[in-house]
Amino acid sequence: MTETNEQSTKSLNFIEALVEEDLREGRNGGRIQTRFPPEPNGYLHIGHAKAICMDFGIARNYGGICNLRFDDTNPVKEDVEYVDAIMEDIRWLGYQWENVYYTSDYFQQLWDLAISMIKRGLAYVDEQSAEEIAKQKGTPTTPGIESRFRNRPIEESLALFEKMNRGEILQGTMVLRAKIDMASSNMHFRDPLMYRIITDHPHHRTGYTWKVYPMYDFAHGQSDYFEGVTHSICTLEFEVHRPLYDWFIDQLQQDDYRPRQIEFNRLNITYTVMSKRKMLQLVQEGLVSGWDDPRMPTLCGLRRRGYSPAAIHNFIDKIGYTKYEGIIDLSLLEHSARETLNESATRVSAVLDPIKLIITNYPDQQEEMMDMVNNPEHEDAGSHEAPFAKELWIEQDDFMENAPKKYFRMTPGQEVRLKGAYIVLCTGCKKDETGKVTEVYATYDPDTRSGLPGSERKVKGTIHWVSAKHALLAEVRLYDRLFSVENPSEEKEKDFRELLNPESLKVLNNCRVEPWLADAKPFDNFQFQRIGYFSIDPDSTKDHLIFNRTVSLKDSWAKSNPL
RNA sequence: UGUCCCGUGGUGUAAUGGUAGCACAGCAGGUUUUGGUUCUGUUAGUCGGAGUUCAAAUCUUCGCGGGACAACCA
């Protein structure tokens with residue numbers, strides 16, 4: 001194994017440190033194997049991305065392998081729809097698993113193991129109701145009591161377990177339990193359920209073949225063991241399960257090899273919710289447009305919002321892995337997007353809230369093609385052309401009849417630069433009977449065309465524009481935080497649905513974008529100069545362009561000049 | 001009145017007994033054909049007490065605070 005080298009500058013997180021320690025001590029013969037084990041019962045979100053980057057990252061960085069395993073032990077909630085979506089999202093993040101496994105592949109092995117445990121007196125069939133079993137569990141501070149079936153003859157349990165799986169026992173009336181310790185201080189040791197009967201739902205892969213299904217605690221560790229997983233990395237809520245994970249593995253261990261469960265903190269982000277239950281509720285109640293609503297923290301939602309895999313990785317790299325349960329500022333996610341997109345997004349002109357600007361001294365029929373730099377961060381990104389003419393659209397915001405001192409935009413008597421074109425002098429405006437400004441007037445200085453020496457003159461402001469004659473009409477969807485409070489899950493008084501931000505989506509239907517955008521494809525990223533980063537929605541067509549705002553540009557003017 | 005886990009600026013994260021650093025957010029300024037980017041400066045932190053040590057964010061201990069665990073979910 002490669003020891004310390006150029007990596008010395010970057011400190012390891014505690015999981016990497018543990019892995020390196022295992023490697024140093026030669027555990028499992030120096031082999032590294034991880035797994036990403038989603039249950040196919042929902043869509044992946046940004047929190048899963050954190051886990052995926054860990055699982056696949058450890059394998060990649062330490063010369064190991066990472067498998068994808070669908071933890072499909074509960075047919076009631078699972079579906080192939082989710083299997084496909086999960087695989088798509090992982091690939092999108094840029095990872096490729098070594099193998100795809102399903103816990104359901106191990107149903108026979110798990111069954112055999114359960115039989116062996118019954119034979120060894122380590123498991124028994126309990127005929128009590130769920131309520132009785134729950135009552136006998138005790139509480140964290142009081143011991144439980146033993147089931148009256150706990151010490152039934154081994155042959156009896158064996159026969160009943162067989163009957164359970166032949167469909168001869170009614171669902172909900174019998175379970176298989178491990179015989180451990182009803183007085184344990186760890187609730188999970190109080191004779192945990194190993195199997196329950198499910199006959200009313202087909203399994204998405206095995207159909208009605210099995211009538212009994214293993215529970216998580218029994219199946220997960222065993223599956224890790226069957227596969228040869230060395231590091232079973234999961235989130236903190238499984239910490240109390242770890243002793244049981246180890247206990248079950250003790251029951252079948254045949255050699256020196258041992259998988260090791262390590263837990264890290266789950267990702268929380270301000271102004272959103274990350275629980276599957278709550279996300280499902282938002283989708284089912286139509287409070288968002290679907291799992292891929294750009295306001296959702298799902299990977300498909302973020303993708304539709306305009307986040308690239310690079311932006312997601314950039315974010316995950318910044319947040320770290322610890323055992324402290326905190327909440328990350330949404331601004332860090334936004335920063336990660338801006339930082340990534342600033343490097344890659346092509347700059348274009350788009351006017352979201354248009355007002356007409358007429359260059360009064362520009363020849364009526366004249367048109368010029370202006371050279372527009374694609375990305376000032378990268379010269380080799382080249383440039384594209386945009387048409388300029390007498391009538392332009394500019395932002396309403398960029399004109400003020402009576403402007404404050406530090407307003408560096410269009411106001412009568414002030415010069416401003418039209419980005420990539422000419423310096424113009426604002427001469428006035430036209431208003432309707434209500435006093436609303438309907439047109440802005442300016443004169444241009446022909447010597448100041450961009451590229452000409454005359455353009456070197458300093459002017460305080462630069463604004464963007466599009467040619468009125470050539471611009472394309474577009475719909476622009478402005479997304480903002482989904483919730484109006486930092487931590488909706490912490491709010492005790494109100495239901496989380498009452499905390500939704502009513503302004504999380506604003507649709508603008510009268511936007512004008514430069515004609516060069518006519519051929520843009522879904523998920524392409526652009527910077528609308530001076531406004532923000534936008535990407536093409538998958539519903540967008542040539543005749544009806546739709547842009548989603550990924551994130552706005554930082555705006556120190558708006559910040560210091562609130563309305 | 002149990003077991004386990006966790007407490008470092010507003011937020012997240014480093015420092016593995018030896019100078020408390022980084023990022024985001026904030027504030028102030030320089031540069032700029034994006035009020036973007038970039039650059040510079042700056043505000044702000046080891047939960048508390050006791051102990052060990054030449055030296056403690058780090059080790060011990062007692063508190064305090066937060067979280068997880070009592071689904072036929074994963």
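Worth saying up front: this structure is predicted, and the values here are computed from it rather than measured. Below, read A as the first sequence line, B as the second, and so on, with proteins coming before strands; counting in each chain starts at 1.
A cation-pi arrangement is absent between K323(A) and F264(A), since the terminal nitrogen or guanidinium carbon is not both under 6.0 Å from the aromatic centre and inside a 45° cone about the axis. Judged by the 6.0 Å and 45° rule, R205(A) forms a cation-pi pair with Y102(A).
G67(B) and C47(B) have their C1' atoms separated by 16 Å, given to the nearest Å. Nucleotides U31(B) and U37(B) place their C1' atoms 11 Å apart, quoted to the nearest Å. Distance noted for atom C1' between A44(B) and C6(B): 23 Å (whole Å). When the P atom is compared between U52(B) and G9(B), the two are found 28 Å apart, to the nearest whole Å. On the P atoms, A57(B) is 15 Å away from G45(B), given to the nearest whole Å. Taking atom P in both G10(B) and G26(B), the straight-line distance is 16 Å, to the nearest Å. Comparing the P positions of U32(B) and C27(B) gives an interatomic distance of 23 Å, to the nearest angstrom.
Side-chain contact annotation: Q222(A) with Y245(A), donor-acceptor N/O pair under 3.5 Å absent. In this model, no donor atom of one side chain and acceptor atom of the other lie less than 3.5 Å apart for E239(A) and Q261(A). For the residue pair D89(A) and Y43(A), no side-chain donor N or O sits within less than 3.5 Å of a side-chain acceptor on the partner.
Residue V240(A) has its side chain nearest to A68(B) when only A68(B), C72(B), A15(B) are considered. For T141(A), whose side chain is taken as the heavy atoms from C-beta onward, the closest listed nucleotide among G10(B), U33(B), G2(B) is G2(B). Distances from the side chain of P140(A) to the nucleotides U33(B), C27(B), G2(B) place G2(B) closest. Here the side chain of E377(A) is nearest to one of G36(B), C24(B), C72(B), namely G36(B). When distances are taken from the side chain of I133(A) to each of C72(B), A74(B), C5(B), the shortest belongs to C72(B). For E39(A), counting side-chain heavy atoms from C-beta on, the closest listed nucleotide (A74(B), G35(B), A23(B)) is A74(B). In this structure, of U13(B), G35(B), G2(B), it is G35(B) that holds the atom nearest to the side chain of R530(A). For R347(A), counting side-chain heavy atoms from C-beta on, the closest listed nucleotide (G35(B), U34(B), A74(B)) is U34(B).
A salt bridge does not link R35(A) to E227(A): none of the charged nitrogens lies less than 4.0 Å from a carboxylate oxygen.
Rounded to a whole Å, the CD atom of E325(A) is 13 Å from the C1' atom of C69(B). To the nearest angstrom, P of U11(B) lies 16 Å from CG of L330(A).
Separation of atoms CG (L68(A)) and CE (M87(A)) is listed at 7.0 Å; rounding is to 0.5 Å.
With RNA chain B read from its 5' end, the first of the two nearest nucleotides for K419(A) and H220(A) is the one closest to K419(A).
Residue contacts for S556(A): at a heavy-atom cut-off of 4.0 Å it reaches the sugar-phosphate backbone alone, with no base atom in range. Nucleic acid contact for N74(A): sugar-phosphate only, since backbone atoms but no base atoms lie under 4.0 Å from a heavy atom of the residue.
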* Tell me, what's RNA chain B's dot-bracket, Watson-Crick or G-U with both distances under 3.5 Å, | for other-strand, [ ] crossing? -> .((((((..((((....[..)))).(((((.......)))))....(((((..]....))))))))))).....
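Residue T322(A) places at least one side-chain N or O under 4.0 Å from the OP1 or OP2 atom of U13(B).
Across residues 332-343 of chain A, L332(A), H335(A), N342(A) each have a non-hydrogen atom less than 4.0 Å from an atom of RNA chain B (numbered order).
No side-chain heavy atom of D445(A) sits less than 4.5 Å from a side-chain heavy atom of Y422(A).
Side-chain atoms of R417(A) come within 3.5 Å of backbone N or O of S455(A) as a donor-acceptor pair.
Evaluation of atom-type donor-acceptor distances gives a pair under 3.5 Å for the side chain of H241(A) against the base of A74(B).
Between W516(A) and H384(A), the ring planes are parallel. Angles under 30° get that label, and only those over 60° would be called perpendicular.
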